[in-house]
There are 2 protein chains.
Amino acid sequence: MKPATIERLREAVDALGYRPDFAAQTLRTGRSSVVTAILPGSVTGFPTSTLAAAAEVAGEAGYHMEVAVVAGPSTVRAQRAAELLASGRSEGVLFLGDSPDGGVPAGYGSGAFVVFDQFDDKLRGVGQLADATPVADAISGLAEMGHRRFLHVAGPQDFVSARARRETFLATIAEHAADIEGLESAGVIVGDWSAQSGYDAVAQRQEIDFTAIIAANDVVATGAVRALAERGLRVPGDVSIVGWEDREMGRFMSPSLSTVAVDRRAQGRAAMLRLIALLRGEEAEQADVPVTRLIWRESTGRAPKFP
Amino acid sequence: MKPATIERLREAVDALGYRPDFAAQTLRTGRSSVVTAILPGSVTGFPTSTLAAAAEVAGEAGYHMEVAVVAGPSTVRAQRAAELLASGRSEGVLFLGDSPDGGVPAGYGSGAFVVFDQFDDKLRGVGQLADATPVADAISGLAEMGHRRFLHVAGPQDFVSARARRETFLATIAEHAADIEGLESAGVIVGDWSAQSGYDAVAQRQEIDFTAIIAANDVVATGAVRALAERGLRVPGDVSIVGWEDREMGRFMSPSLSTVAVDRRAQGRAAMLRLIALLRGEEAEQADVPVTRLIWRESTGRAPKFP
DNA sequence: CTGTTAGCGCATTCAT
DNA sequence: ATGAATGCGCTAACAG
């Protein structure tokens with residue numbers, strides 16, 4: 001265009017206060033520039049920072065992120081996602097909160113979707129979001145401190161992340177058992193992420209026949225610590241415990257919780273980047289910054305009766 | 001319409017798989033059916049359940065809730081809100097995360113907005129969302145247990161809720177001072193909602209010249225408890241402490257935290273109901289269910305040296 | 001009560 | 001390099 005024309009245009013824009021109309025654009029192009037984050041009706045613990053990071057990435061890519069709260073089982077959420085995509089309201093869906101095992105049924109029209117903490121094709125990305133390797137590190141570290149019998153209080157097994165941690169727990173125990181005399185699992189108790197589940201796991205146990213607990217998260221760990229105290233056991237004097245999440249309160253509790261810090265923002269960013277890459281038919285760039293980090297604090301120490 | 005026509009129509013809908021097109025609807029009517037929740041760039045503690053409840057209410061009212069993360073000072077967020085409303089992208093804006101004191105500048109076109117935890121006209125709704133009366137109840141209860149000198153570790157004073165609690169703290173102390181010999185404030189320390197701020201408030205104090213702490217929230221309270229322990233003081237033996245929020249970890253900590261439970265979902269619901277009422281030009285229904293509730297647990301007890 | 005019609009503001013194609 | 005013309009799918013207003 002001629003510079004003169006471009007200037008004339010700019011003037012007109014200024015004079016009339018012109019702004020492109022999203023609705024007309026959408027109608028004409030057939031692309032809504034909307035992506036939808038679907039949250040289960042029962043959300044409680046899902047971190048806002050993850051959601052916010054996803055929204056931020058969406059915004060930077062020119063998309064608007066809508067939040068839809070859908071109650072009921074995961075099949076209903078899948079249904080809703082299919083509707084959103086088929087109706088053209090939304091170009092892509094991000095499933096948050098939990099990751100149903102069965103995956104997502106077909107029939108998604110032209111849209112794309114990503115299940116948070118679970119990447120479907122070729123399982124790429126699992127290494128980022130559902131990474132459970134810190135569990136292995138925790139067990140190794142505790143073994144060095146003399147611990148031999150480990151209890152795992154797991155999260156609900158329909159969460160990919162909870163499943164990954166449980167599997168890593170069992171695999172790591174099995175691996176070390178070959179090398180280290182007497183190292184074994186004292187069992188896996190499946191809880192529901194709640195402090196109560198950690199409390200119950202310890203309180204209802206006949207005998208405390210372990211010296212270390214790998215808890216599903218810091219909240220569960222807190223429940224377990226309390227139950228141990230009520231049985232007259234000290235942390236870490238008698239039992240060591242490792243949580244997950246690095247909650248602020250865990251840093252200041254007594255004892256402060258050893259835990260796995262998780263970069264929530266990085267998780268949200270990665271998930272949305274993946275969705276947007278899918279929408280554009282590009283390859284998602286794999287961030288190589290680890291999103292988890294094991295932190296040793298006061299709740300872990302030498303196993304009792306260790307020379 | 002004739003039942004015959006209605007049937008003929010239904011058949012056609014089924015046959016063609018007709019679904020109304022949102023974009024066309026928006027273009028034609030000029031109403032986007034979108035409301036936007038604006039989150040500051042630095043969100044950390046804002047509860048997802050509040051956001052989810054707001055989204056749920058929006059959905060039920062036929063609106064789509066979008067999330068926009070806007071970094072920078074509150075003026076920038078206000079600017080962005082103005083753009084969203086002026087461009088017609090969004091019909092209403094809900095400011096979340098913090099509530100800048102200065103309020104929101106004019107120039108909002110035809111849109112409506114609601115600042116979370118702060119209702120502007122006639123100050124209705126403040127009673128619901130920024131209600132600080134539990135602080136008064138806590139002080140009264142502690143006074144009955146013999147406490148006379150109270151410290152308040154407050155939240156940042158650009159949060160309406162933090163300001164309301166501070167003011168209620170001072171007012172309640174003044175009120176009781178008239179009746180009860182020796183009852184007084186040991187001071188207000190303004191923090192930033194962090195555990196560190198609670199820790200510092202106690203750790204940096206020359207002398208522990210109080211027997212009760214009203215903390216901005218449970219996280220702050222946790223920091224304060226830790227600092228007290230490090231000074232060799234027991235909770236509640238030497239100092240009683242009350243938090244705010246009823247975090248799950250606080251229920252299982254030792255000592256478990258006395259606190260003010262807040263119905264996060266109710267807060268999100270109320271805020272969005274208000275926004276939607278504004279959009280429709282109706283009066284918002286005032287829910288009369290209280291959103292806060294004082295809970296006494298182990299972190300509070302009789303003042304030391306009380307007969 | 002039903003059938004017809006005219007734009008909403010844009011992107012795209014075809015003429016200049 | 002610019003201008004003019006055609007729908008996208010709907011709603012509202014009107015005609016039958």
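Sequence lines set the chain letters: A, B, ... in the order given, protein chains first and strands last, and positions in each chain run from 1.
Residues passing the side-chain hydrogen bond (donor to acceptor under 3.5 Å, both in side chains) test with B/R89 are B/E66, sequence neighbours excluded. Checked against side-chain hydrogen bond (donor to acceptor under 3.5 Å, both in side chains), B/S49 has no partners two or more places apart in sequence or in another chain. Looking at residues two or more places apart in sequence or on another chain, you find a salt bridge (charged side-chain N to carboxylate O under 4.0 Å, His left out) between B/R264 and B/E245. Not counting sequence neighbours, the partners of A/S194 by the side chain to side chain contact (heavy atoms under 4.5 Å, CB included) test are A/D192, A/Q196, A/S197, B/E248. The side-chain hydrogen bond (donor to acceptor under 3.5 Å, both in side chains) search around A/T50 returns none, not counting sequence neighbours. Under the salt bridge (charged side-chain N to carboxylate O under 4.0 Å, His left out) criterion, B/R265 pairs with B/E56, sequence neighbours left out.
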ask   = Pairing of DNA chain C as dot-bracket, 5' to 3': ( ) intra-strand, [ ] crossing, | other strand, . unpaired, with Watson-Crick or G-U pairs under 3.5 Å?
value = |.||||||||||||||
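The side-chain hydrogen bond (donor to acceptor under 3.5 Å, both in side chains) contacts involving residues 14-28 of chain A comprise A/R10-A/D14, where partners must be two or more places apart or lie in separate chains.
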Using a cutoff of under 3.5 Å, can you pull out all pairs of nitrogen or oxygen atoms linking the protein to nucleotides 5-9 of chain C, with atom names and distances?
from  : atom 1 : to    : atom 2 : distance (Å)
C/dG7 : N2     : B/R28 : NH1    : 3.0

